[in-house]
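Positions are given from 1, in the same order as the sequence printed here.
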Amino acid sequence: MTISKERKAELTAQFGKNAADTGNPKVQVAILTERIRELTEHMKSHQKDFHTRRGLLMLVGRRRRLLSYIKKNDIFEYRELIKELGIRDNIQ
């Protein structure tokens, strides 16, 4: 239930400034979004997997905090990122 190195490298190259820019908040949000999508699919077929559910909720919280940081610093970058990733704008 983890993403492959190749997929992580693709996301880093797409959202980072260079191929080694994994610390960029945009890259972190993209990687978290990919993991959240995988875990959401897993939870559809395993409704009683509460350990995975807790991990999923923790990832969603981490992504939410990173998105609020991006929104606070650069609203245009935030809007572009959520449009590219296809996630809703529910950060207050």
Side-chain angles (χ1 to χ4, degrees):
M1 281 192 266
T2 179
I3 60 176
S4 65
K5 288 182 181 182
E6 293 82 19
R7 180 65 180 144
K8 196 178 284 192
E10 286 175 21
L11 292 171
T12 304
Q14 181 180 358
F15 292 100
K17 294 176 183 160
N18 57 33
D21 189 19
T22 57
N24 191 335
K26 288 174 60 173
V27 174
Q28 292 181 24
V29 168
I31 292 171
L32 285 172
T33 301
E34 189 75 19
R35 288 181 64 194
I36 288 169
R37 287 191 179 127
E38 285 184 6
L39 288 177
T40 303
E41 289 301 316
H42 171 80
M43 290 300 296
K44 287 180 182 175
S45 60
H46 302 90
Q47 292 88 9
K48 294 187 179 185
D49 188 355
F50 295 108
H51 294 287
T52 300
R53 184 175 193 275
R54 181 178 186 272
L56 175 61
L57 292 174
M58 289 172 55
L59 291 177
V60 170
R62 186 182 307 162
R63 181 179 72 176
R64 183 181 174 93
R65 287 190 299 274
L66 283 168
L67 283 171
S68 66
Y69 170 78
I70 294 171
K71 186 175 184 177
K72 180 178 65 172
N73 288 330
D74 189 1
I75 189 73
F76 300 112
E77 182 179 326
Y78 169 78
R79 289 181 183 150
E80 178 183 317
L81 179 64
I82 63 171
K83 190 167 74 171
E84 282 183 49
L85 293 174
I87 54 180
R88 291 181 300 196
D89 179 17
N90 59 359
I91 306 297
Q92 304 304 332

Original post:
Where is the tightest heavy-atom contact between Leu66 and Gln28, given as atom of each residue plus distance?
Top reply: CD1-OE1, 3.5 Å
Subject >> Reported NE2-to-CD distance for the pair His46 and Glu41, which is rounded to 0.5 angstrom >> reply: 12.0 Å
Subject >> Pairs meeting criterion side chain to side chain donor-acceptor pair (under 3.5 Å) with involvement of residues 53-63, two or more places apart >> reply: Thr33-Arg63
Original post:
Does Leu67 share a hydrophobic cluster with Leu57, counting links as ILVMFWY side-chain heavy atoms below 4.5 Å and allowing steps through other members?
Top reply: no
**OP:** Verify the cluster assignment for Ile87 and Ile75: are they in a single hydrophobic cluster under the rule of side-chain heavy atoms below 4.5 Å apart?
**Re:** yes
Original post:
Hey, any chance Phe50 and Leu59 share a hydrophobic cluster, counting ILVMFWY side chains that come within less than 4.5 Å of each other, even indirectly?
Top reply: no
Subject >> Contacts of type side-chain contact (heavy atoms from CB on, under 4.5 Å), residue Glu77, not counting sequence neighbours >> reply: Lys26, Ile70, Asp74
Original post:
To the nearest 0.5 Å, how far apart are CG in Leu85 and NZ in Lys83?
Top reply: 12.0 Å
Original post:
Distance from Ile82 atom CD1 to Arg88 atom CZ, nearest 0.5 Å?
Top reply: 11.0 Å
Subject >> Value rounded to 0.5 Å, distance of CE in Met58 from CG in Leu39 >> reply: 11.5 Å
Original post:
Can you tell me how far the CD atom of Gln47 sits from the CG atom of Asp49, to the nearest 0.5 Å?
Top reply: 10.0 Å
**OP:** Any chance you could lay out the side chain to side chain contact (heavy atoms under 4.5 Å, CB included) test for Ile31 and Phe15, step after step, and finish with the verdict?
**Re:** CA-CA 10 Å; Ile31 292 171; Phe15 292 100; over 6 Å; no
Can you give each donor-acceptor pair under 3.5 Å made by side-chain atoms of residues 6-13, sequence neighbours left out, with the distance rounded to 0.1 Å?
residue	atom	partner	partner atom	Å
Arg7	NH1	Glu10	OE1	3.0
Arg7	NH2	Glu34	OE1	3.2
Thr12	OG1	Lys8	O	2.8

Subject >> side chain to side chain contact (heavy atoms under 4.5 Å, CB included) between Asn90 and Arg64, worked out >> reply: CA-CA 9 Å; Asn90 59 359; Arg64 183 181 174 93; 4.0 Å; yes
